[in-house]
2 protein chains.
Amino acid sequence: MDPVSTVHVAEFRRFNRYFTRRIGALDDHYLGQDRPLGEARLLFEIGEGVSLRELRTRLGLDAGYLSRMAKTLQAQGMVRISVHPGDSRLRMVELTRAGRIELDEQNRRADALAAGLLDGLTGPQRDRLTEAMSTAQRLLRLAGITVARVDGAAPDARACLDAYAADIDARFPEGFDKSDLVRPEEVSGNAGAFFVAYEEGRPVGCGALRRLEPRVGEIRHVWVHPDARRLGLARRILAALETEAAARRLAVLRLDTHASLTEARTMYLACGYTEIPPYVDHVYGDYWFEKRLTG
Amino acid sequence: MDPVSTVHVAEFRRFNRYFTRRIGALDDHYLGQDRPLGEARLLFEIGEGVSLRELRTRLGLDAGYLSRMAKTLQAQGMVRISVHPGDSRLRMVELTRAGRIELDEQNRRADALAAGLLDGLTGPQRDRLTEAMSTAQRLLRLAGITVARVDGAAPDARACLDAYAADIDARFPEGFDKSDLVRPEEVSGNAGAFFVAYEEGRPVGCGALRRLEPRVGEIRHVWVHPDARRLGLARRILAALETEAAARRLAVLRLDTHASLTEARTMYLACGYTEIPPYVDHVYGDYWFEKRLTG
DNA sequence: AGATTCATTTGACTAAAGTCAAAGATTATG
DNA sequence: CATAATCTTTGACTTTAGTCAAATGAATCT
């Protein structure tokens, strides 16, 4: 990939500085008006029952520190702490009614603050700001996602495939039978490869490459978690698969896709794939595509 | 102005949360790797010699706290502290060579961090991100600027007019004579009004309204500080002047502008002003405009 | 000239944030 | 089934951040 230009870095940092100084600081200040910021943040992160473990990793806190803060909140009647039903080492934290009220108040304040800020803009300006922010956020998210090769039998790989199966089972009118999924050995070693996309440590997408015949590969199970859609992640996964295919000296990549996945079809066309006659009799294949790899 | 929709507030807050958590936190963490954040920030704010007073107001710090931090940095050889030549109550702080080296290192790290983040995007995506960020920043800045009526003789008003005069003196081929500026009494009380735009407490623009004849007002000296241009601030000032004119039951607003100020001409046309024949013999007037106020 | 204001320094605090390690209770694993 | 790993709690800290008030020396106002 091309090196990052200093112009981009400078603009990024300029925005970064401006935003954290102007908005971040303000937000923190109003958020933690009646209690320490740490506690306020904690309260905010406890939705409908989280484990301390989850909070600890999510907020990157020291176990002892967190334990004490949770205890303080409990003493104030803001949260209820209970033992996790399945694993009694874990503690579950959930908001009490009082906690929920305080959180609502916190949100109300933050909303008022945001509204006060936006108040100085006209309607169209607000639209443009909203548009710019959502674009920036989408791109920042995409930038933070890494696509890594993992073993086809790895838990993350299987978790993705399970989610993929459940997802399309709900979308295909005829449902989806998991036996159609690639087997781990089909996407390991010489036979193929499996890629998982990670956002902040969590798998949010996948894609498989499988050897069909000499110099011909097949792409399967390109999937993106619903939370990570519309970021351009499928293309990133596809690019990773193509790079891998090129490294394996494959000349042609083929794939099929289901009639109900119109976005997928559009994407493959946009990525240089052309429609071809069926190359194999897949149960769920309605459209077949191929791309010749150059170089 | 129309009320702020919840959609805008929600998107604003979503971005806010995402950004501060993902980028802000990261930045702080890497910035203050070897020293407390407060000190790191201080080091960053000391450019080529600032007074403690300036730092104190800019960063909103307690005088004692700042004094001690500066002393720590001095003891570490990062800064030099000297007495202000003109006013020996003030202390000037400037970076030593070692301080500059550390600051460079800080910047290098932050740049590398930004570059690493942008690395996951393609060229066009980086362009779009940069574009979105600069749009967002422009609009956020604009949202934070307030336009307030001040007395025509107030120091802020005169400071703006002086800056305005210096600005156009440099732009007009024939220069500009300050005697053409409105006198304080022309824009006070019944005679007229003067508005100053403030960004974070600093005056960044102005505009004057002057009574020409019954029911007719004149707009003069609409000016925006070079640092605050391209935000749409002139329109905001103009809107404030028009609102004031409407409140005074003026039916017509007139103004003139110089040939060399092409952007101004475009703006007036876009804001509903139409060109008219000269209504008065101003020294620097090349184009004359008028707008009828409705309602 | 005397009073007032201003910028800074110093001493004496407090609260928040965070670290580290030991220990106890469970659960996973070879 | 013994051992290792995991999650949490507790005690004993440290550092950072920040506040408040009195004191000092200098500038400004009347």
Side-chain angles (χ1 to χ4, degrees), chain A residues 20-21 24-25 28-46 49-76 78-94 155 201, chain B residues 20-21 24-25 27-46 49-76 78-94 155:
Chain A
T20 45
R21 186 175 55 78
D28 277 2
H29 189 258
Y30 279 78
L31 196 70
Q33 235 166 6
D34 308 322
R35 58 171 74 254
L37 236 167
E39 278 174 37
R41 268 201 285 256
L42 200 55
L43 215 50
F44 189 89
E45 288 289 334
I46 301 167
V50 221
S51 63
L52 282 186
R53 192 245 247 111
E54 170 79 18
L55 285 173
R56 187 157 48 74
T57 53
R58 202 149 75 196
L59 297 172
L61 298 173
D62 174 79
Y65 186 27
L66 175 60
S67 173
R68 254 181 279 258
M69 273 202 290
K71 216 156 206 192
T72 309
L73 287 175
Q74 188 188 30
Q76 293 171 345
M78 297 290 127
V79 304
R80 224 186 325 273
I81 301 179
S82 57
V83 175
H84 187 280
D87 182 343
S88 25
R89 285 172 305 181
L90 281 87
R91 297 285 171 277
M92 298 301 290
V93 203
E94 56 179 335
Chain B
T20 44
R21 187 176 54 78
D27 217 47
D28 277 2
H29 189 258
Y30 278 78
L31 196 71
Q33 236 167 4
D34 308 323
R35 60 172 72 254
L37 238 165
E39 277 173 37
R41 268 200 285 256
L42 200 56
L43 215 50
F44 189 88
E45 289 289 334
I46 302 168
V50 219
S51 64
L52 282 186
R53 192 243 249 113
E54 169 79 17
L55 285 172
R56 188 156 49 74
T57 53
R58 202 150 74 197
L59 297 172
L61 297 173
D62 174 80
Y65 186 26
L66 175 60
S67 172
R68 252 180 281 260
M69 273 203 291
K71 217 154 205 195
T72 310
L73 287 175
Q74 188 188 29
Q76 291 170 349
M78 296 291 125
V79 305
R80 222 185 328 271
I81 300 179
S82 57
V83 174
H84 186 282
D87 182 342
S88 22
R89 287 173 304 182
L90 282 89
R91 296 286 170 280
M92 298 301 291
V93 204
E94 56 179 334

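Protein chains get the first letters and strands the later ones, always in sequence-line order, with residue 1 at the start of each. No hydrogens, no waters, no symmetry mates; every other heavy atom, side chains included, goes into these values.
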Close side-chain approach of B/Arg80 and B/Val93, heavy atoms under 4.5 Å: no
Which pair of non-hydrogen atoms, one from A/Glu39 and one from A/Met69, has the smallest distance, and what is that distance? N-SD, 3.7 Å
Shortest non-hydrogen contact between A/Ala70 and A/Leu52, atoms and distance: CB-CD2, 4.1 Å
Nearest whole angstrom, please: distance from the [atom2] of [N] to the [atom1] of [X].
X: B/Leu90; N: C/dT9; atom1: CG; atom2: P; result: 10 Å
X: B/Leu52; N: C/dT8; atom1: CG; atom2: C1'; result: 8 Å
X: A/Leu59; N: C/dA17; atom1: CG; atom2: P; result: 12 Å
X: A/Arg35; N: C/dA17; atom1: CZ; atom2: P; result: 12 Å
X: B/Arg91; N: C/dT8; atom1: CZ; atom2: P; result: 7 Å
X: B/Ile81; N: C/dA7; atom1: CD1; atom2: C1'; result: 13 Å
X: B/Leu37; N: C/dA16; atom1: CG; atom2: C1'; result: 15 Å
X: A/Glu39; N: C/dG18; atom1: CD; atom2: C1'; result: 14 Å

Audit row: B/Arg91, B/Val83, side chain to side chain contact (heavy atoms under 4.5 Å, CB included) steps and yes/no: CA-CA 5 Å; B/Arg91 296 286 170 280; B/Val83 174; 4.0 Å; yes
Side chain to side chain contact (heavy atoms under 4.5 Å, CB included) evaluation trace for A/Thr72 with A/Arg35: CA-CA 11 Å; A/Thr72 309; A/Arg35 58 171 74 254; over 6 Å; no
Can you tell me how far apart CZ (A/Arg89) and OG (A/Ser51) are? Round to the nearest 0.5 Å. 11.5 Å
If you apply the rule side chain to side chain contact (heavy atoms under 4.5 Å, CB included), what do you find for A/Ile81 with A/Leu73, and how did you get there? CA-CA 10 Å; A/Ile81 301 179; A/Leu73 287 175; over 6 Å; no
Outermost nucleotides of DNA chain D that come under 4.0 Å of a non-hydrogen atom of chain A: D/dT6 to D/dA12
Show each protein N/O and nucleotides 23-25 of chain C N/O combination with a separation under 3.5 Å, one pair to a line.
none

Say whether, by atom type as modelled, one donor and one acceptor occur between the side chain of A/Arg41 and the main chain of A/Leu59 under 3.5 angstrom. no
Under 3.5 Å, is there a donor-acceptor pair between the side chain of B/Arg53 and the main chain of B/Val50? no
For B/Arg68, which contact category applies under a 4.0 Å heavy-atom criterion: base, sugar-phosphate, or nothing? base
Both A/Gly38 and B/Arg56 contact DNA chain C. Taking the nearest nucleotide for each, which residue is further toward the 5' end? B/Arg56
With DNA chain C as reference, determine whether A/Asp62 or B/Lys71 sits nearer its 5' end, using the nearest nucleotide of each. B/Lys71
